[in-house]
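For reference, the structure discussed in these notes is given below.
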Amino acid sequence: IIQLWQTHIIWRIDMSDYIIRGMAANNQVRFFACNSTDTVEKARITHNTSPVVTNALGRLLTGGVLMGAMCKNDTDTLTIRVQCQGPIQGMLITADSKGNVKGYVSEAQVMLPAKDVAKAIDLGVMSVIKDIGLKEPYVGQTHLVSSEIAMDLTYYFVTSEQIPSSVALGVLQNADTTVSVAGGFVVQLMPFAEEQLISDLEKRLEQFSFTELLEKGYSVEQIIEQLFDGYDTVITDTLPCNYCCDCSKDRVEKAVISMGRKEIADMIEENQPVEVVCDFCHTKYTFSPEELLKLLQQGVAK
Ligand code: ZN
């Protein structure tokens, strides 16, 4: 027990993940950047992912937490779903506007070299689902163009949102497959961005590696300043980010109700407790036949 307690404390102290938001080059560019090392490591531990899956899911979580921070309202949520033909089969992440992100993958144990993310994902479709409190969520769907995630999100921004953007996402792992560093950025051009700035940025981005600099010990702020060296940069705010699941028995109940009358009635007929496992954190929730019956009645009442 003492050992567990100590591990927990150390992990808390080491928690250093955060997102910065800001503007650069006379407000011609807006940027979002983050260090997501602990976030991705927590996802790796939660889902026991193989190195290539840590890489793929880690990039999607990093992109997701950045896009969550781009949401306008506190209650907005953003979900990115990847459905693909590769051995990873599919991934899903959900982020809010406050730096919380969670995710899961269909096949966590794909045995390919860590760098072969595109092979693990292969052809597929990416859906970006934004729930901004309207009756129907906004859904933008694009085909995967590279299956490396960052370029696919760049393509999404350009085609679905018509915003010229550059997305960089990276995960580096230690020899023991734990996460060494993870992070990335989204850089977006304002409509009035000048041609010269655009071509200058394109050149810089070609040879810029966010995670390599992160591994060398640079902070997110320093890396962004380096990217915009010679231009002014203003960081408007900083917020912590982390891997966090907000599931509860109450929420799981709602999911059970949504399974439908027949499904629940069948479970009651089995006369056995039913275990529901959260996809995001693997917490187990048990429902007795009596509880299921109650849910069935509630569900009908609605
Ligand atoms: Zn959960």
Side-chain angles (χ1 to χ4, degrees), residues 4-5 7-9 11-12 14-15 17-19 34 36-50 53-69 71 74-83 88-110 127-133 137 149 171 178-179 182 239-260 263-264 267 272-288 291-292 294-295 298-299:
L4 266 178
W5 174 242
T7 317
H8 184 67
I9 298 275
W11 183 75
R12 292 290 307 178
D14 280 348
M15 235 182 62
D17 285 5
Y18 63 98
I19 304 168
C34 74
S36 57
T37 306
D38 297 320
T39 304
V40 177
E41 175 64 4
K42 195 167 172 196
R44 185 193 71 81
I45 294 167
T46 302
H47 299 294
N48 187 28
T49 48
S50 68
V53 178
T54 306
N55 223 336
L57 183 62
R59 289 182 196 177
L60 194 65
L61 286 164
T62 304
V65 84
L66 287 170
M67 287 170 70
C71 291
D74 271 6
T75 52
D76 293 353
T77 62
L78 176 119
T79 297
I80 308 174
R81 189 174 62 217
V82 172
Q83 293 158 293
I88 220 166
Q89 295 173 39
M91 294 188 281
L92 183 143
I93 69 95
T94 295
D96 66 16
S97 62
K98 296 174 213 125
N100 300 306
V101 67
K102 58 184 180 176
Y104 62 81
V105 59
S106 302
E107 178 51 59
Q109 285 297 320
V110 176
S127 311
V128 175
I129 303 141
K130 284 185 190 174
D131 190 346
I132 54 169
I149 305 297
V171 177
T178 55
V179 176
L239 68 154
C241 64
N242 70 98
Y243 190 96
C244 165
C245 187
D246 52 354
C247 69
S248 62
K249 185 136 187 183
D250 207 45
R251 283 186 170 220
V252 176
E253 273 178 8
K254 287 195 182 96
V256 172
I257 290 170
S258 74
M259 285 167 72
E263 201 70 27
I264 302 171
M267 289 193 290
Q272 301 260 351
V274 173
E275 198 169 71
V276 181
V277 183
C278 174
D279 286 329
F280 296 101
C281 70
H282 303 305
T283 300
K284 293 185 176 108
Y285 296 91
T286 310
F287 292 90
S288 66
E291 282 176 301
L292 288 172
K294 227 162 122 191
L295 290 185
Q298 276 174 20

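In what follows, every heavy atom counts, from backbone to side chain, and hydrogens, waters and symmetry copies are set aside. For ligands, and for the atoms within them, numbers begin at 1 and follow the listed sequence. Starting from 1, each residue takes its place in the sequence as its number.
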Under the 3.5 angstrom rule, does the side chain of Thr37 hit a backbone N or O of Ala182 as a donor-acceptor pair? yes

Just by distance, do the side chain of Thr46 and the backbone of Cys281 share a donor-acceptor pair under 3.5 Å? no

What lies under 2.8 Å from the Zn ion (ligand 1), restricted to protein N/O/S atoms, is Cys245 SG, Cys247 SG, Cys278 SG, Cys281 SG

Whether Asp38 and Lys42 form a salt bridge (side-chain N of Lys/Arg under 4.0 Å from carboxylate O of Asp/Glu) is what I want to check. no

Is the shortest distance from a Lys or Arg side-chain nitrogen in Glu41 or Arg44 to a carboxylate oxygen in the other one below 4.0 Å? yes

Inter-residue atom distance Leu78.CG - Ile129.CD1, 0.5 Å rounding: 8.5 Å

Nearest 0.5 Å, please: how far is CG in Leu92 from CD in Gln83? 9.0 Å

